[in-house]
Structures are given as structure tokens and as C-alpha cells.
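In what follows, a single structure is set out as C-alpha cells and then discussed.
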Amino acid sequence: MQNSTGPRVRFAPSPTGFLHVGGARTALYNLLFARREKGTYILRIEDTDVERSKHELSDQILSALDWLGLEHDEGPYRQSARYDLYRAAADRLISEGKAYRAFETPEELDAERKKAEAQGRSYRYSGAGREISPDESDRRARAGEKFVVRLRMPAETIVVDDLVRGRVEFPADALDDFVLVRSDGHPLYHFCVCVDDADMRITHVLRGDDHLANTPKHVALFRALGAPVPAFAHLGMILGTDRKKLSKRYGAAAVEEWRDRGIFPEALVNFLALLGWSPGEDREILSREEMEREFSLERIGASPSVFDPEKLLWMNAQYMARMPAEELLERAKPHAPAGVPEKDAALAAIELHRTRARTAIEMGRALSMYAQDPEEYDPEGMKKNVRPETAAELERLIAKLENVSSWTAPELDAALRELAAEMKISASRLIHPTRLALTGVTVGAPLFDVVALLGKETALRRLRKFVERIRGDK
RNA sequence: GGCCCCAUCGUCUAGUGGUUAGGACACGGCUCUUUCAAGGCCGCGGCACGGGUUCGAGUCCCGUUGGGGCCA
């Protein structure tokens, strides 16, 4: 897959403890781009923020990516293991005069900021550190004076030719000499990103729109580093139904959450692929192979998109409808609360319920229905379908069913209708209470298929239990 | 607040100067039917607004409004 001459792209999540669906989409697009262009997709963990970079937090992201099937070609690299690289780069930048030490204390900076605010102008760093001579700078550093390292920003407009947004200009005076390394020696985010991208020879940066405003900083940094500036493609944000950035608290923002709700990874991938990218021709259900073959940056939209859970559910149902029964069974099994029936019955149950379930959870529940007698009955259904004479009617049904010649749906169907005719009542007066007795609910697969699948013994047992129960209720 | 981005049905989107503005989700109806789905058919519904450019703008330019992001 990888190729030494193709483009090199990366997905660089920070280890927040869960994989955001927006991040998953970014990872996917990077991967698709790499596959399409015969390039290399690299995974890098941006764990410079020591405090929240526990290993488990990144492990969870790794396993979520793995679950989605987004396999990387290189990495994962961890920034926390690359501090020497950042220090060396900072030293080099200082010695080349591309960056400088600034000795202001936080208090001094704060005062300047307050002053600027009071005067109603926006705060920018004074640039005082620029004026300090290299000799003095070295001397003060050696003397143990505290300093941060700042990048000397060029006094020129920075132009970004974004692959999805086109030409974006950032006037020079909008940016000040930002901090690369903190006074405690800790390298900061933007600096690490660029050092890494340069070091890893990243050619294309596909990332969220939220980084567009940071891009001029990065461009300046790449130039200072003497590294080629990669091409950029900024993706629109993924929003919640409230049109705000999809957040964890809003719910449904984490890939893991959808996994736990019984969504299949290929459905989530398909859904995410279409959030901001379109293959054209009104196609919606696409395999990974198709995406890898057809993905292109030109077909990425610039506008943000709302994450619609309803459509995800629909898409999941589409995958469910197409999945081989054996596979669906294996994948729904873990979600069956009370286990599944023996294989042939389970497979038959899958076919009976695949158009009725939208998630693996729902399918799991349906399967368990055949493995365990209902423990309770839908109260609404009881009210609606149970009348004073129901118990007696069901007893006649039980007697009738005990004598059917073969326990198949058509036979059972015929038997019940015959009985209804004998009793001069409508078949549905028998059908609805029977469904409730067998499944505990009023909705589901065609009744006679369910009865046939349950088997004589189980069906009659459930019917008797139910009769007992409604007699007791009176 | 400064800078930047975005703008086609409620939502995801197709559309790259000439279209009855197409598809999908959701919604409503019909059909199928013992129920619920799925499926099929039909329907509802959109180019944010105002100026330009042009013979002709959803499509190009400017502004307004609205939404979002970054910095502080």
C-alpha cells in the first residue's frame, strides 16, 4: 500500500479519551486520500499536554480507529517521545535568528494585556524580545533567567492556497510572535505539529476547519524550519442538530458511543464519508473499496454539516439488510441480553427480524426473544388485547394447536383460522393476544413464523403461562 | 473585540452561466398486511436578503444578515 513517492498524510488526534466523530472523519479522509493517491497514512498521537496524556486515553482512541477499520501505514508516533526533537529544533531556530528568547514575566505580559484592553485595542505581544542581541540573550539564559521562545513572524501577508477553500489571505498584522516553547521548556502545540510534519515529510494536511486560522502560523513555522510547506485542505466542522459544534456532552459525539448503540463500523464510516464529501451520481451506500477508488479533494464541500442520527440509523439498517445472516448473527450475539437460540433457529430469526431492527442492539433483543420466555407483557397491549373471554379463547387455541399435524407456519395459520371460524370470532382476536403471550409485545415479525420458529413446546408453554397470568389478574 | 471561514428543501447533498433545481434521511398519504417494519408508488418542502456583471444568474463580484471557528 505505501509508497515512497506518493503523498504522505497524517491523522494527529490528541488523547482526550474518546474518538470524536469529527476526528474519525478526518482520519477517514486522510486514509482515503492516501489510498487513492497511493500514498502513506500516518498516525500520530499529540500527547504533549502531559497532564491529560495518560496512556489509556490514547489507547481508547487507537482501539476506536481499529474498530472503524482505519488502519494506519506508519506509527503511531507519540509526541511525548519526541521532546528531544523539539528542543533541538528550538535551539536551531534561535541560533539561526528565526526565533528568539523573550524574558517577560507572566505578570508583565498580563499588565500589557490589561493596558491594551483598557485602551480598547486588541493585545499583541510588543516584540521587545526581538531587540535583544544574541549575546545578551545567551548570557541571560545561562544566568538562569526565565524565558519563552517566540517565532519571529514575517512582516508579510501569508497566503494559504487551501485545497477545499481556495486562496485565503492572512494580513501580517493579524499575527504576533507566538510562543514555541514555554518557560519551563515545554514545547507548545503548533510548534510540535510543524516539527513533526516536517520531520515526517507530510505533503498534505487534511484537518478540521478549526485549524484554518492557525495555518498562517504553521506556514511561517515551516518556512523558518526550512521545510517544504505542505498543501492544506480544511474540512467543514461537524455540527450537532443544534447547529453547534458537536460536543461530548451533547451526546453522540464519540465513536465509541455509536459502537455501544449497536451501529456497525462500516455504516458509520459510510455515513461519515458522506458528511462533507460526495461521489456524485446520487450514490449513498458505498464500500470502502469504492471510496478508496473515487475519493477526491475536489469533491469535498466547504460548508459545515449537521450530524443527523436518524440518517445514521437508516444507513445502519441498510447494512443490516445486506449482511449475510451468519455474519449478522455473530455480530448481534454480543448484544443479545438473554442469549440466542440454537443456530438454525437463530438464523431463521435473523431473516425474520432484519428489516425490523435498525441496530445490533435491536437485533440482539429480537434474538433473545426466542431464547427466553417473556418476563413481562406490554401493559398497553394487555389493555388493548385482553378481554374477559380471552383466557378461555386461548385455551381452545392451545387445545387446537396441540393437535396440528405439522408445526409449520401455513399449518398453524390454517389451524388458527379454522378455530376462529368455528368460534365465530375474527382471527385477529386470537392473533393479537397470542403475539403478546409469545413475545410480550404487540409488534414484530409475522405471527405464524414466530410460532413456528419457537417450536411447539415453547409456544404452548408461553401460551399457558400467559393464560395463567391473565386468569390471576382478574 | 480583531482576523478568518461558511450559506441549495428541517437534515445530508447533486448542481461548476441557459435545469420543470435532481437524489437521500425525516415527515404525510397510498399500497402490501394479523401487528410492526421493510419494500413499492405518490406528495410536502429549498437556492438567506440586497445590489451589481451578463442577453441570461443557485452558479461570478460586492455588501447585509445569519451561523461557525481562531486569537485574546
Side-chain angles (χ1 to χ4, degrees), chain A residues 109-110 112-114 116-117 119-125 157-158 160 162 164-176 178 190 208-217 234-246 270-285 298-318 320-322 351-358 362 366 378 381 384-385 409 412-413 416-417 420 426-436 438-439 441-451:
Chain A
L109 260 16
D110 212 46
E112 271 189 55
R113 189 173 299 124
K114 290 235 168 69
E117 258 169 50
Q119 291 174 355
R121 54 189 175 82
S122 65
Y123 167 76
R124 296 186 65 231
Y125 172 62
T157 297
I158 291 182
V160 177
D162 192 279
V164 343
R165 261 143 242 278
R167 183 186 171 94
V168 184
E169 291 188 19
F170 298 87
D173 61 8
L175 303 150
D176 59 4
F178 64 100
H190 298 299
D209 199 6
D210 46 349
H211 285 295
L212 181 57
N214 295 325
T215 306
K217 290 182 183 181
H234 286 94
L235 281 17
M237 295 280 89
I238 295 182
L239 275 24
T241 13
D242 55 359
R243 289 223 136 250
K244 296 221 172 79
K245 194 170 165 181
L246 199 55
N270 193 155
F271 176 76
L272 254 16
L274 262 25
L275 230 45
W277 174 75
S278 157
E281 299 166 8
D282 297 331
R283 283 184 305 144
E284 302 227 81
I285 306 295
E298 294 77 52
R299 295 197 64 87
I300 294 180
S303 47
S305 27
V306 173
F307 187 102
D308 179 10
E310 274 301 324
K311 188 145 184 178
L312 208 211
L313 251 16
W314 168 80
M315 191 159 284
N316 204 59
Q318 294 296 309
M320 205 169 232
R322 291 164 167 78
E351 294 308 344
L352 239 31
H353 291 273
R354 71 190 322 160
T355 61
R356 270 165 266 264
R358 295 205 292 179
E362 289 171 5
D378 173 45
K384 218 167 145 190
N385 299 313
L412 292 160
D413 192 337
L416 181 139
R417 286 177 202 285
S426 74
S428 64
R429 251 175 81 172
L430 256 19
I431 286 172
H432 294 302
T434 300
R435 177 187 300 285
L436 193 56
L438 298 183
T439 68
V441 292
T442 58
V443 300
L447 182 67
F448 300 106
D449 291 321
V450 174
V451 182

Closest approach to the side chain of A:Ser278, judged atom by atom: which nucleotide of B:U13, B:C70, B:C3 is it?
B:U13

Kindly give the atom pairs (protein nitrogen or oxygen, nucleotide nitrogen or oxygen) under 3.5 Å for nucleotides 38-43 of chain B.
| unit_1 | atom_1 | unit_2 | atom_2 | d |
| --- | --- | --- | --- | --- |
| B:A38 | O4' | A:Thr355 | O | 3.3 |

Pairing partner (Watson-Crick or G-U wobble, both distances under 3.5 angstrom) of B:C3:
B:G69

Just the atom pairs and distances: protein N or O near nucleotides 5-12 of chain B's N or O, under 3.5 Å.
| unit_1 | atom_1 | unit_2 | atom_2 | d |
| --- | --- | --- | --- | --- |
| B:C5 | O2' | A:Arg165 | NH1 | 2.3 |
| B:C12 | OP1 | A:Val306 | N | 2.9 |
| B:C12 | O2' | A:Leu274 | O | 3.3 |

Calculate the interatomic distance between A:Leu175 atom CG and B:C71 atom C1'; express it in whole Å.
9 Å

Please state the C1' separation for the pair B:U31 and B:G69 - nearest whole angstrom.
49 Å

Only counting residues at least two apart or in another chain, list the ones meeting ring pair (Phe, Tyr, Trp, His ring centres under 6.0 Å) with A:His432.
none

Taking the nucleotide of RNA chain B with the closest heavy atom to each, which residue, A:His432 or A:Phe170, is nearer the 5' end?
A:Phe170

Hey, is the main chain of A:Ala317 close enough, under 3.5 Å, to the side chain of A:Arg354 for a donor-acceptor pair?
no

Partner nucleotide of B:C27 by Watson-Crick or wobble geometry (both distances under 3.5 Å)
B:G43

Who passes salt bridge (Lys or Arg N to Asp or Glu O under 4.0 Å) against A:Arg417, sequence neighbours left out?
A:Asp413

Separation of B:A72 atom P from A:Asn214 atom CG, nearest Å, is 10 Å

Out of B:A26, B:C4, B:U34, minimum distance to the side chain of A:Ile431 belongs to B:U34

Base, sugar-phosphate, or nothing for A:Ala445, non-hydrogen atoms under 4.0 angstrom?
base

Using the P atom as the reference point in each nucleotide, state the distance between B:G1 and B:C9 in Å, no decimals.
28 Å

Return the set of residues passing salt bridge (Lys or Arg N to Asp or Glu O under 4.0 Å) with A:Glu298 (not counting sequence neighbours), or none when no residue passes.
none

Can you tell me which nucleotide in B:C25, B:G22, B:U35 comes closest to the side chain of A:Asp282?
B:G22

Pairing check on B:U33: which nucleotide meets the Watson-Crick or G-U wobble criteria with it, both distances under 3.5 Å?
none

Contacts of A:Arg167 meeting salt bridge (Lys or Arg N to Asp or Glu O under 4.0 Å) (sequence neighbours excluded), chain-then-number -> A:Glu169

Under 3.5 Å, sequence neighbours excluded: what are the donor-acceptor pairs made by side chains of residues 306-314 of chain A?
| unit_1 | atom_1 | unit_2 | atom_2 | d |
| --- | --- | --- | --- | --- |
| A:Asp308 | OD1 | A:Glu310 | N | 3.1 |
| A:Glu310 | OE1 | A:Arg358 | NH1 | 3.4 |
| A:Lys311 | NZ | A:Glu284 | OE1 | 3.3 |
| A:Lys311 | NZ | A:Glu284 | OE2 | 3.4 |

Within the structure shown, what part of the strands sits under 4.0 Å from A:Pro446 by heavy-atom distance: base, sugar-phosphate, or nothing?
base

Rounded distance in Å - CD1 (A:Ile300) to C1' (B:A14):
16 Å

With a 3.5 Å cut-off and no angle check, do the side chains of A:Asp209 and A:His234 form a donor-acceptor pair?
no

Least distance between heavy atoms, A:Ser305 atom then A:Gly276 atom:
OG-N, 4.3 Å

Distance between P atoms of B:C5 and B:G63 (Å, rounded):
11 Å

Atom CG of A:Asp449 and atom P of B:C36: how far apart are they, to the nearest Å?
16 Å

side-chain hydrogen bond (donor to acceptor under 3.5 Å, both in side chains) with A:Thr157: which residues, sequence neighbours excluded?
none

Between CG of A:Asn270 and P of B:C25 the distance, given in whole Å, is 13 Å

Rounded to whole angstrom, note down the P distance from B:U16 over to B:A21.
14 Å

Determine the Euclidean distance between corresponding P atoms of B:C55 and B:U13; express it in Å to zero decimal places.
36 Å

Just to verify, what does A:Asp173 make a salt bridge (Lys or Arg N to Asp or Glu O under 4.0 Å) with, not counting sequence neighbours?
none

If each of A:Asp176 and A:Glu310 is mapped to the nucleotide of RNA chain B with the nearest heavy atom, which maps nearer the 5' terminus, i.e. the 5' end?
A:Glu310

Quantified in whole Å, what is the P atom distance between nucleotide B:A14 and nucleotide B:A24?
15 Å

In the structure shown, which nucleotide is the Watson-Crick or G-U wobble counterpart of B:A14, with both distances under 3.5 Å?
none

What contact category does A:Gly444 fall into here, base, sugar-phosphate, or nothing, at under 4.0 angstrom with non-hydrogen atoms?
base

Quantified in whole Å, what is the P atom distance between nucleotide B:U64 and nucleotide B:C6?
16 Å

Watson-Crick or G-U wobble partner of B:A57, both distances under 3.5 Å:
none

Is A:Thr215 reaching over with its side chain to a backbone N or O of A:His211, donor-acceptor style, under 3.5 angstrom?
yes

Taking B:C27 as the reference, what is the distance to B:G45 when you measure between their C1' atoms (whole Å, please)?
10 Å

With a 4.0 Å cutoff (strictly under), does any side-chain N or O of A:Arg283 reach OP1 or OP2 of B:A24?
no

Atom CD of A:Glu281 to atom P of B:A24: distance rounded to whole Å?
15 Å

So, does A:Arg322 use its side chain to make a donor-acceptor pair with the main chain of A:Gln318 at under 3.5 Å?
yes

Length of the CG-P vector between A:Leu352 and B:U35, whole Å
16 Å

Determine the contact category for A:Arg299: base if any of its heavy atoms lies under 4.0 Å from a base atom, sugar-phosphate if only primed atoms, P, OP1 or OP2 are that close, otherwise nothing.
sugar-phosphate

